[in-house]
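Everything below concerns the one structure shown next.
Computed from heavy atoms alone, side chains included, the values below leave out hydrogens, waters and symmetry copies. Sequence lines set the chain letters: A, B, ... in the order given, protein chains first and strands last, and positions in each chain run from 1. From a predicted model like this one, the values you see are computed outputs, not experimental measurements.
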There are 2 protein chains.
Amino acid sequence: MSDTLSYPKARSPRLQVEDALGAMIATLSPGEQLPPEPTLARDLGVSRATLREVMRTFVERGVLVRRHGVGTFVASRMPVMDNGLEVLETLETLARRIGLDTAVQALEVEERLATPIERAGLGLQEEASAPVLSVTRVINVGDTPVADLRDVVPLTYLTCDDLGAEFRGSVLEVLLQRGEPLLSVSRTEILAESADAKFARRLSVPRGTALLKLVAQLYSYDEKVVDFSVSYFVPGHFRFHVMRKVPGQ
Amino acid sequence: MSDTLSYPKARSPRLQVEDALGAMIATLSPGEQLPPEPTLARDLGVSRATLREVMRTFVERGVLVRRHGVGTFVASRMPVMDNGLEVLETLETLARRIGLDTAVQALEVEERLATPIERAGLGLQEEASAPVLSVTRVINVGDTPVADLRDVVPLTYLTCDDLGAEFRGSVLEVLLQRGEPLLSVSRTEILAESADAKFARRLSVPRGTALLKLVAQLYSYDEKVVDFSVSYFVPGHFRFHVMRKVPGQ
DNA sequence: ATATGTCGGTTGTCAGACAAGTCAAGCCGC
DNA sequence: GCGGCTTGACTTGTCTGACAACCGACATAT
């Protein structure tokens, strides 16, 4: 009867509700009112307490606005439809949300030793050699390149063999799917850089074009850098933003 | 006449707990464990449900880390303490923290009508006229210009007379000091742009230099745009970054 | 016309209980 | 002694039901 097989762990109620509520909000217009909490909780199949915790995360992100005694509303500025940087996600899902079809071009996977810059980015001392998996690719929308990405991951976390046959270039996706190691945050530095000859060619833009550059360190829970990535974005395709809190409430 | 907008009411339990818990966290070291929730709830004089909602906001901000069946811990990395973009602050305080002395150059204050772009940025669509206060300035470090900033504020929020004699150019500082209207968040868009002739001159850089461009809308609690600002930064002086959460816990 | 009271609906908070996960000590068979 | 298993204490996760605080609108009284 009761078997000892381990089922794939069901996503916790909270995460399920987070997805469901997020999807629901996406279908609503700014300023629109959500159903009352008891109704919503019943429809989503969770208790009101759990629902409220999920709602609070959306309030915290500025997606929802609550008014005591009145109701809960979709914030008028709807940052979720845009590309807030608060949550790390693959460029593919980000593009899909704003209705773009992406293709990977010039995918290049290799195992090699890290350069000094990469070693520094990965937080490794310089004493030993640092074998890494390097994934480079250009993202296209239609026929126009829009981004150039490079991920560098120590071989201790990911090797060439860990990438499935249908690997399309998203290292983050692979890391998330494995669930090992446990990831915490990404520290992403924001820079602007002129396109040199190499990037001008790869991204089909004139030399000297201003590119948005994101340099990210993805941390695991034990404070190690799992992934060091450098991305270049051609202006005009993606719109990144960040919500900044005003100090003192 | 007197617009009776929403204002901070008598502090609700949640806000009190938010303060108390925040103060408590500040006394703890990274990685340290918090007391169990029932204990904490009793000490703070609220129910566990309320405490958990407050805790979730801290988890959302990356200040706390929860582990099911184990406990709640102070995150080892406190994004707020870093000079990340999560918290809005004046460029002057940011510069001071990284040990730079700033000077304001070419300060220009005027009252005029908003341009169409500015009107859109302020969320004013079909208003007949949009009189605004415009503050433009260049920030220097030593003798080298590093940033070009422009703030545009509707005259309903701020007029020329509201700026004191010792006004040094920080509109945010004035707004915060007044406490009216109550500010909530700033939505800051991140772009890269080549310096045209005008900015090349103002910032003393070659034409075509890649500049980091931040376009920000500062919102009040009633979802109105109080301040629309456009900033250009010369690379190499300020380092902006943002902490991005990994989805799923 | 203005002020006041009431009422339904919604969010805010509460108390207690149980489920699920983690960890370590202890027990058992070998 | 040693490895594997069980047990139990402890913590976070979720559920249930209830009541309080608040808002908006309508009816009512002044």
Min side-chain heavy-atom separation A:Val54-A:Leu44 under 4.5 Å: no
Less than 4.5 Å apart, side chain to side chain, heavy atoms only: is that true for A:Pro131 and A:Glu111?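 They are not in contact (no side-chain heavy atoms under 4.5 Å apart), so the answer is no.
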B:His68 has its side chain closest, among C:dT22, C:dG12, D:dT12, to D:dT12
Closest approach to the side chain of A:Ala49, judged atom by atom: which nucleotide of D:dG24, C:dT11, D:dT16 is it? D:dT16
Hey, does the side-chain of A:Arg48 have a donor or acceptor N/O within less than 3.5 Å of a partner on the base of C:dG12? yes
Please state whether the phosphate of [N], meaning OP1 or OP2, lies under 4.0 angstrom from any side-chain nitrogen or oxygen of [X].
| X | N | value |
| --- | --- | --- |
| B:Arg66 | D:dG13 | yes |
| A:Thr50 | D:dG13 | no |
| B:Thr72 | D:dT12 | yes |

Quick one: label A:Arg67 by what it contacts on the DNA or RNA (base, sugar-phosphate, nothing), any heavy atom closer than 4.0 Å.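 It contacts sugar-phosphate atoms only.
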Rounding to an integer number of Å, can you tell me how far [X] [atom1] sits from [N] [atom2]?
| X | N | atom1 | atom2 | result |
| --- | --- | --- | --- | --- |
| B:Arg42 | C:dT13 | CZ | C1' | 19 Å |
| A:Met55 | C:dT13 | CE | C1' | 16 Å |
| B:Glu18 | C:dG12 | CD | P | 13 Å |
| B:Glu53 | D:dG13 | CD | C1' | 14 Å |
| A:Glu37 | C:dT13 | CD | P | 11 Å |
| A:Gln16 | D:dG13 | CD | C1' | 14 Å |
| A:Arg52 | C:dG12 | CZ | C1' | 6 Å |
| B:Leu44 | C:dA15 | CG | P | 13 Å |

Could you state the interatomic distance from OG1 (A:Thr188) to CG (A:Leu214), rounded to the nearest 0.5 Å? 6.5 Å
Return the 5'-most residue of the pair A:Ser47, B:Gly71 with respect to DNA chain D, ranking by each residue's nearest nucleotide. B:Gly71
Given A:Val135 and A:Val153, is the side chain to side chain contact (heavy atoms under 4.5 Å, CB included) satisfied, shown in steps? CA-CA 9 Å; A:Val135 176; A:Val153 185; over 6 Å; no
Salt-bridge criterion met for A:Arg56 and B:Glu18 (N-O under 4.0 Å): no
Between A:Arg56 and B:Gly69, which has a closest nucleotide on DNA chain C that is more 5'?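 The residue closer to the strand's 5' end, by nearest nucleotide, is A:Arg56.
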